[in-house]
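These notes concern the structure reproduced below.
Only heavy atoms go into these numbers, but all of them, side chains included; no hydrogens, no water, no symmetry mates. By convention in this document, chain letters (A, B, ...) are assigned in the order of the sequence lines, proteins followed by strands, and residues within each chain are numbered from 1.
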Amino acid sequence: MNKVVKDASEAIKGMESGQTLMLGGFGLCGIPENTIKALVASELKDLTCISNNAGVDNFGLGALLRKHQIKKMVSSYVGENKEFERQMLSGELEVDLVPQGTLAERIRAGGAGIPAFYVPAGYGTEVGEGKESREFNGKMHLLEHALTADFAVIKAWKGDAMGNLIFRETANNFNQPMAMAGKITIAEVEELVPAGELDPNQIHTPGVFVQRIFQGVDYEKRIEFETVRE
Amino acid sequence: MNKVVKDASEAIKGMESGQTLMLGGFGLCGIPENTIKALVASELKDLTCISNNAGVDNFGLGALLRKHQIKKMVSSYVGENKEFERQMLSGELEVDLVPQGTLAERIRAGGAGIPAFYVPAGYGTEVGEGKESREFNGKMHLLEHALTADFAVIKAWKGDAMGNLIFRETANNFNQPMAMAGKITIAEVEELVPAGELDPNQIHTPGVFVQRIFQGVDYEKRIEFETVRE
Amino acid sequence: MSLDKNGIAKRIAQELQDGYYVNLGIGIPTLVANYVPDGMDVVLQSENGLLGIGPFPEKGKADADLINAGKQTVTTIAGSSFFDSSLSFAMIRGGHIDLTVLGAFEVTDKGDISSWKIPGKMVKGMGGAMDLVAAAKNIIVATTHTDRNGNPKLKAACSLPLTGVNCVKKIVSDLAVIEITEKGFKLLERAPGVSVEEIVEKTGAPLVIDGEIPEMQI
Amino acid sequence: MSLDKNGIAKRIAQELQDGYYVNLGIGIPTLVANYVPDGMDVVLQSENGLLGIGPFPEKGKADADLINAGKQTVTTIAGSSFFDSSLSFAMIRGGHIDLTVLGAFEVTDKGDISSWKIPGKMVKGMGGAMDLVAAAKNIIVATTHTDRNGNPKLKAACSLPLTGVNCVKKIVSDLAVIEITEKGFKLLERAPGVSVEEIVEKTGAPLVIDGEIPEMQI
């Protein structure tokens, strides 16, 4: 079951303006750099992007924002991005802010066939406005709904031709749940190996969740805040 | 953060009759053999046991059943066990049969602070009787509630002193979700190593979920149906 | 002549498509693995936590940690992966499995299925069957057309506790291939040498029969 | 004299207990890691998927794949583990984290907190703060007692959008340690040289003051 495609531009074939994408990464850590570049080079627009963050001004999703290809962002934290803030405050960009844990769980639920579930996060805040609430174990909870996407675009460390993925360190973050929630999941990896080379006990994302995979090139892996010991 | 205890009898200290236990394993694969033996050797009774299966007549949970230490079983499949069937049909044993995927998810939810969620499994069957149902995406779903336990008793392949666990092959099964759902989680492992020896990228169960850990002895690892190529 | 277990499995194998992820239930469904067409890439999922089931192990090489959902010792193929039960059913419930094949006590012309309990007699539990039938995109039942006493297993209503409703898409029995349509059971194929009349007689609900019914090619 | 950031962090470190799993928010809370008492075993969780945060890396050894929730490069301790965001918040939401320390714009005497949005001015998002405050067993807010303009941050009601309600258990500010009780703010300790009167004056809601209020020992 060979799911290997040549590169990012082949991987995004069939994507259409107006679709919903999930994009993995936390800040600039573990973002699908190659595929984002291909998106920026494309004519796609009016995209709804589900991503924990929105990159920085000139890198990651920030580059898509600058080109005005994004109509709506679903995120938990969008600091570190002035153009984002500008588009949001001016109303050019629709923004749905979701608590980070709820966001991760809604994505996992989308992949796991769980249409809705209850969580305590956000009860009593504006996040809970208009949502059903209910008490469990003496505590109020909100009903939250699953998220899915036309395409999930993720980045892993190693992958094989069947789509099995292994993540590295904190570059896993949203990539693993998003892999489950895309109708088509595109995985770019730093190292692509033939099926059978990865230890089946160590697979983070089984290949069934991945439809297209390729080895990325020229990873910058930018660091947002390089902090060192004194 | 050293969580190492000497053996199974030290691990079950504080357990009380009438409590709810989760026990990992699928059939006889990946069951916590040492701890089950300690339970059988104990005077504990009226236990509620949440376990996908009930062992076989003379091994695994079957041994606890024979000693009438179990008041109620929450399981998905209880074949391969005549004494179980006898106790169930005679009414000596209370049995709550739960679809396997719903069981796994209720356990994960218990560990993840999700009190309830919707699944399609069981709608229109006796599993759905008395449960809230609701339509999502044109399909009917049941509201299912989280499960937790006073003690989760699980078996892993390798573990470290901080409680980090790695499972092997299909011996993972219910052990990983149950690790999350015990107020106290007891992990027995085939190989116990000092903290720092396991690759942090390969941990299946982070140590935060485990309160007591020990290296088991004399694993039988019985096979229920040894099938070989002709 | 009615098909034997392997015949049913062979016919079901014709439903496979390249690139399919498939869950095979215990019994006849498991045999389908033996008849995957050469050169076709099909990955078998086992709900106890394995994607990429291989053949049974060689003698003396069985591994207690490596079993299928029927608790039989198995092996893995290249590119397999292991995972816990909650992820396994996330896969199933989330619609990532293309085809599920399972056995049944009874199936109705509405696609209802009973397979896990005979009140007062036998209760082994539903295992993963309820999750599978509630979620899989395509469900084929592998069964004998009648039970040991000759009573139809394909009926207008299940007499036994249900496993799922409106879920079965197709039935492959020892006598016929039957699709479940809006109009009920539709006869697609008959086993070699089995007459349409025999199938009609042994089916407990009306059959839609459009034109000539071909013999199965197995 | 009011405490500086490190002083606040030092005082909060006294709240740690052996065996605690702790989530430290961005800003002052992060500094708490520097003051874990010698010999005390505390494991720090970072909600982006790391249990067992170590110190910042040595110069030239920063790894882009290894960051904390504040996107700073970090290292790991022996016995650390990595995981995805859904498991990370399962840990948090499931009550497996013993203590959460975070910053705030405002805190009320009912334990409500606002920390993520200033309408019309600043919206960075709530990140994981709403999940943390809704779930953690014990929540301590690290903050200055007043804002830049000298207005109280400890109040009877939040004027800014809420992060959570009835969740904060304790506040450690540059002036005082205050517990949130059924009767509202209760003054436990004052910063060295700071008078009870000054604390009362700079707090925007009544303070319960029982007997002599000791100075912090830091």
Less than 4.5 Å to any heavy atom of chain D: does that hold for the side chain of D199(B), its backbone, both, or neither? neither

To the nearest 0.5 Å, what is the distance between CG on L87(D) and NE2 on H204(B)? 11.5 Å

Between [X] and [Y], which heavy-atom pair has the shortest distance, and what is it?
| X | Y | answer |
| --- | --- | --- |
| G113(B) | R93(D) | O-CD, 3.4 Å |
| N164(B) | G79(D) | ND2-O, 2.9 Å |
| M180(B) | H96(D) | O-CE1, 3.1 Å |
| F83(D) | P206(B) | CD2-CG, 3.6 Å |

Does atom [atom1] of [X] have more than 12 heavy-atom neighbours from other groups under 6.0 Å away?
| X | atom1 | answer |
| --- | --- | --- |
| K45(B) | NZ | no |
| D18(D) | CG | yes |
| K61(D) | NZ | no |
| K110(D) | NZ | yes |
| K5(D) | NZ | no |

Does I77(D) form a side chain to side chain contact (heavy atoms under 4.5 Å, CB included) with M162(B)? I'd like the steps, not just the answer. CA-CA 11 Å; I77(D) 61 166; M162(B) 288 174 75; 4.3 Å; yes

Just so I know, are the side chains of F209(B) and L51(D) near enough to count as touching, which here means a heavy-atom distance under 4.5 Å? no

Most heavy-atom pairs under 4.5 Å with chain D, out of G196(B), P194(B), A181(B), belong to G196(B)

For chain D, find which of N201(B), V193(B), D160(B) contributes the most heavy-atom pairs closer than 4.5 angstrom. N201(B)

Proximity breakdown for L50(D) and chain B, heavy-atom pairs closer than 4.5 Å: neither

When the 4.5 angstrom heavy-atom criterion is applied to T76(D) and chain B, the contacting part is neither

Which of A134(D), S80(D), G95(D), S86(D) touches chain B most, by non-hydrogen pairs under 4.5 Å: S80(D)

